[in-house]
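A short worksheet on the structure shown next.
Just so it is clear, the model here is predicted, and its values are computed rather than measured.
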Amino acid sequence: MQQKRLNEDTPSLKEQLDAAFDVTLSQLKELSDPLERAKVAHVLVGRAQDYGTELQAVRNEAMNEALRVGQLNSTQLATELGISKGRVSQLAKGAPPERLFLGSGKVIVALAEKLEHGKLHDGRDKRVQGPVIATEDFQTYEHLRELAEDVGLEITFERIPLGGNVRLNRNNLVVICGPRLSPLIEQILESDPHLRFDKDDSGWFLTDRKTGEVYRSAMDDGGNSDVAYFGRLPRPDGQGTFLYIAGIHARGSGGVVHWLNSELTNVHRELKAKRFSTLISSTFDPDTLEIISSDRITPFYRPEGS
């Protein structure tokens with residue numbers, strides 16, 4: 001059954017790539033201005049190289065997994081791919097396979113901007129500042145950057161402007177942004193049949209629709225723990241997914257990265273790039289504000305039929 005699916009899917013993927021390449025190349029050749037044609041071709045060469053790098057990462061990870069689970073030995077895999085046994089060994093010993101859970105190329109982390117409110121020491125309202133990225137969100141990015149670089153990924157961040165308009169239709173994207181800051185994200189989250197953000201007079205909370213259990217943040221009562229939503233959500237164009245992280249409070253997002261630091265290998269082994277959603281609870285040191293513990297508190301929920 002697995003071999004049959006391979007034989008059915010591989011030509012389809014190759015045909016899709018060939019068709020897209022043929023259309024792009026034909027349109028490029030039709031550009032009459034030579035300078036414009038050169039500029040566009042230069043950009044496309046760079047993108048083609050980026051895609052080549054991502055395809056190599058997927059290939060190497062798949063080779064590593066095939067060898068690790070005992071599906072094939074090095075000699076058999078070399079025969080299947082039409083390369084030498086030595087080349088198999090070289091490619092399979094590349095970057096750790098779990099990196100593909102985060103991305104196969106340069107990872108972009110989108111961080112939401114907001115207007116900063118607060119109180120002065122004398123109790124008066126602080127002048128509204130912004131737009132700014134929450135300090136907690138940027139700390140979460142820094143910890144995620146360390147994790148990504150540890151597994152050999154390049155990573156950078158960009159700002160989601162006020163209003164929450166973020167470009168979701170691209171590869172290797174991680175979004176850290178609560179639903180209240182982005183109507184687009186809020187709309188996508190509503191499609192999750194298992195977990196959801198809600199709000200009442202006491203503030204924001206998370207609900208497990210399967211069990212009916214409600215998760216509130218201890219921070220609302222002066223505590224030092226929070227709960228975060230973590231998932232791989234569908235892109236609006238239907239052509240892929242993006243990773244999504246959002247705590248009830250910004251501090252909770254850091255708990256997801258803290259948890260990933262010890263669970264990345266296991267999560268990748270179980271989920272690969274499949275869609276999912278789950279909740280992560282975390283506790284932080286009230287003095288340093290650093291996350292000191294984190295746990296997954298719901299199953300990995302999967303969309304029906306996936």
Check: Q76 side chain, N73 main-chain N or O, donor-acceptor pair, under 3.5 Å:
yes
Test item: Y301 and D208 side chains (from C-beta on) under 4.5 Å apart, heavy atoms
yes
Is a side-chain donor or acceptor of D198 paired with a backbone partner of F205 at a separation under 3.5 angstrom?
no
If we only count heavy atoms from C-beta on, is the V174 to L102 side-chain gap below 4.5 Å?
no
Could you check whether atom CZ of R167 has more than 12 heavy atoms from other residues, nucleotides or ligands sitting under 6.0 Å from it?
no
If you define the side chain from C-beta out and look only at heavy atoms, does anything of L206 sit under 4.5 Å from L195?
no
Joint cluster assignment, Y141 & Y244, ILVMFWY side-chain distance < 4.5 Å
no
Is the closest side-chain heavy-atom distance between F230 and L260 below 4.5 Å?
yes
Can you find a pair of side-chain heavy atoms, one from D295 and one from W259, that are under 4.5 Å apart?
no
Determine yes or no for a side-chain-to-main-chain donor-acceptor pair under 3.5 angstrom, with S182 supplying the side chain and G164 the backbone.
yes
Identify whether V256 and L264 are in the same connected component of the hydrophobic contact network (ILVMFWY, side-chain heavy atoms under 4.5 Å).
yes
Joint hydrophobic cluster, V257 plus L271, side-chain heavy atoms closer than 4.5 Å
yes
Mind running side chain to side chain contact (heavy atoms under 4.5 Å, CB included) on F197 and R180 for me, showing each step along the way?
CA-CA 10 Å; F197 276 94; R180 72 182 181 85; over 6 Å; no
Please say whether more than 12 non-hydrogen atoms of neighbouring residues, nucleotides or ligands are located less than 6.0 Å from CD in Q187.
no
Would you indicate whether the side-chain heavy atoms of T298 and Y215 approach each other to under 4.5 Å?
yes
Does the side chain of L147 reach to within under 4.5 Å of the side chain of H143, using non-hydrogen atoms?
no
Can L184 be reached from I176 by stepping across I, L, V, M, F, W or Y side chains whose heavy atoms are under 4.5 Å apart?
no
I need the minimum non-hydrogen distance between N224 and P286, along with the two atoms involved.
ND2-CD, 3.8 Å
Report the C-alpha distance between E270 and N266 in whole Å, list the side-chain angles of each, state the deciding distance to 0.1 Å, and finish with yes or no for side chain to side chain contact (heavy atoms under 4.5 Å, CB included).
CA-CA 6 Å; E270 181 171 349; N266 295 330; over 6 Å; no
Between R251 and D226, is there a donor-acceptor pair closer than 3.5 Å when you use the side chain of the first and the backbone of the second?
no
Show the numbers, then the answer: is there a side-chain hydrogen bond (donor to acceptor under 3.5 Å, both in side chains) between E136 and T140?
CA-CA 6 Å; E136 298 92 335; T140 296; over 6 Å; no
Are the side chain of R99 and the backbone of E61 linked by a donor-acceptor contact shorter than 3.5 Å?
no
Can R47 and Y51 be said to form a side-chain hydrogen bond (donor to acceptor under 3.5 Å, both in side chains), step by step?
CA-CA 6 Å; R47 290 299 296 128; Y51 281 123; 3.3 Å; yes
Using modelled atom types only, decide if a donor and an acceptor are shared between the side chain of T241 and the backbone of P234 within a distance under 3.5 Å.
no
Excluding sequence neighbours, so at least two apart, what forms side-chain contact (heavy atoms from CB on, under 4.5 Å) with D287?
D285
Treating Ile, Leu, Val, Met, Phe, Trp and Tyr as nodes and any side-chain heavy-atom pair under 4.5 angstrom as an edge, say whether L243 and L100 lie in one connected cluster.
no
Listing, residues 21-29 side-chain donor-acceptor contacts under 3.5 Å, not counting sequence neighbours, or none:
{"unit_1": "T24", "atom_1": "OG1", "unit_2": "A20", "atom_2": "O", "d": "2.9"}

Which residues pass the side-chain contact (heavy atoms from CB on, under 4.5 Å) test with Q239, not counting sequence neighbours?
R235, D237
Working note: M219 + F284, criterion side chain to side chain contact (heavy atoms under 4.5 Å, CB included); need CA distance, chi angles, decisive distance, verdict.
CA-CA 10 Å; M219 293 180 65; F284 60 90; 3.8 Å; yes
Only one of V166, V175, N171 passes side chain to side chain contact (heavy atoms under 4.5 Å, CB included) with F242, and that residue is V175
Could you go through K39 and E36, starting from their C-alpha distance and side-chain angles, then the distance that decides it, and tell me whether this counts as salt bridge (Lys or Arg N to Asp or Glu O under 4.0 Å)?
CA-CA 5 Å; K39 286 182 175 180; E36 182 184 6; over 6 Å; no
Whether K199 and E186 form a salt bridge (side-chain N of Lys/Arg under 4.0 Å from carboxylate O of Asp/Glu) is what I want to check.
no
Side-chain (S253) to main-chain (G247) donor-acceptor, under 3.5 angstrom
yes
Donor-acceptor contact present, side-chain S225 to main-chain T283, <3.5 Å:
no
Tell me whether Y229 contacts the main-chain N or O of I248 through its side chain, where contact means a donor paired with an acceptor under 3.5 Å.
no
When you measure from the side chain of R196 to the backbone N and O of L189, does any donor-acceptor pair fall under 3.5 Å?
no
Flag side-chain contact, heavy atom, 4.5 Å: D200 against R216
yes
